[in-house]
Amino acid sequence: MFFLRARPVLAGAAIVPLLVFIAPGNSTQAQASIIGSPWLLRLAEEGSCPTGYLCLYRDAELGGGGYGIREGRDLNDFRGINFNDDMSSWVNAASTDYCWYPDINFSGAARTMQPDSWDTVNLIEDNDIASSIENC
Ligand SMILES: [Ca+2]
Ligand SMILES: [Ca+2]
């Protein structure tokens with residue numbers, strides 16, 4: 001006998017927090033130095049990007065969660081936030097240019113992310129290789 005599985009119903013009243021400040025005390029030492037800093041947001045699964053932040057997402061179409069880095073801050077090594085070679089889309093809601101790099105410590109060919117722009121699907125050759133970002 002077959003049963004049709006009901007589609008999950010999204011409760012209209014349920015409000016999913018778009019942003020969650022990273023609580024201190026998470027896992028590794030490497031993360032501990034960054035986690036808890038108000039300039040680094042953990043983005044929810046279906047997060048939007050707040051003004052003044054550069055947002056990096058794990059999946060295409062700004063999905064999969066990720067991180068928001070407050071304008072003016074750099075991240076030289078994504079391994080420290082368990083995000084190395086994961087980025088598949090981004091939004092630059094900051095007011096300055098940001099660059100991302102395929103290697104840590106701002107190495108490799110820079111890709112520019114202009115203010116008020118986004119890339120919902122990284123090019124195949126750019127997918128899942130980003131390892132650092134900086135104001136540029
Ligand atoms: Ca990815
Ligand atoms: Ca890389």
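Keep in mind that what you see is a predicted model, and the values were worked out from it rather than measured. Counting starts at 1 for both ligands and their atoms, following the listed order.
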### Task
Could you list the residues that satisfy side-chain hydrogen bond (donor to acceptor under 3.5 Å, both in side chains) with Asn122, not counting sequence neighbours?
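Testing Asn122 for side-chain hydrogen bond (donor to acceptor under 3.5 Å, both in side chains), a comparison that skips the adjacent residues, returns none.
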### Query
Taking the N/O/S atoms of Asp128 one by one, which is nearest to the Ca ion (ligand 1)?
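For Asp128, the N/O/S atom sitting closest to the Ca ion (ligand 1) is OD1.
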#### Entry: For the Ca ion (ligand 2), the closest N/O/S atom belonging to Asp85
OD1
### Query
Pick from Asp86, Asp85, Asn105: which one makes a side chain to side chain donor-acceptor pair (under 3.5 Å) with Ser131?
Asp85
### Query
Within the stated cut-off of 3.0 Å, is an N/O/S atom of Asp86 closer than that to the Ca ion (ligand 1)?
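Looking at Asp86, which is the residue asked about, there is an N, O or S atom under 3.0 Å from the Ca ion (ligand 1).
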Looking at the Ca ion (ligand 2), is there an N, O or S atom belonging to [X] that lies under 3.0 Å away from it?
| X | result |
| --- | --- |
| Pro102 | yes |
| Ile129 | yes |
| Tyr101 | no |

### Message
Suppose you place the vertex at the Ca ion (ligand 1); what is the angle out to Ser88 OG and Arg58 O, to 10°?
### Response
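The angle at the Ca ion (ligand 1) comes to 80°, rounded to the nearest 10°.
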### Whether Ser88 side chain and Asp59 backbone form a donor-acceptor pair below 3.5 Å
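No; zero donor-acceptor contacts below 3.5 Å.
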### Query
Is the backbone N or O of Trp39 less than 3.5 Å from a side-chain atom of Tyr53, with the two atoms forming a donor-acceptor pair by type?
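The answer is no, because no donor-acceptor pair under 3.5 Å joins these two groups.
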### Message
Is it true that Glu61 and Ser89 share a donor-acceptor pair across their side chains at a distance under 3.5 Å?
### Response
no
### Query
Leu62 and side-chain contact (heavy atoms from CB on, under 4.5 Å): which partner among Leu43, Val91, Leu56?
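That would be Val91; it is the only one of Leu43, Val91, Leu56 passing the side-chain contact (heavy atoms from CB on, under 4.5 Å) with Leu62.
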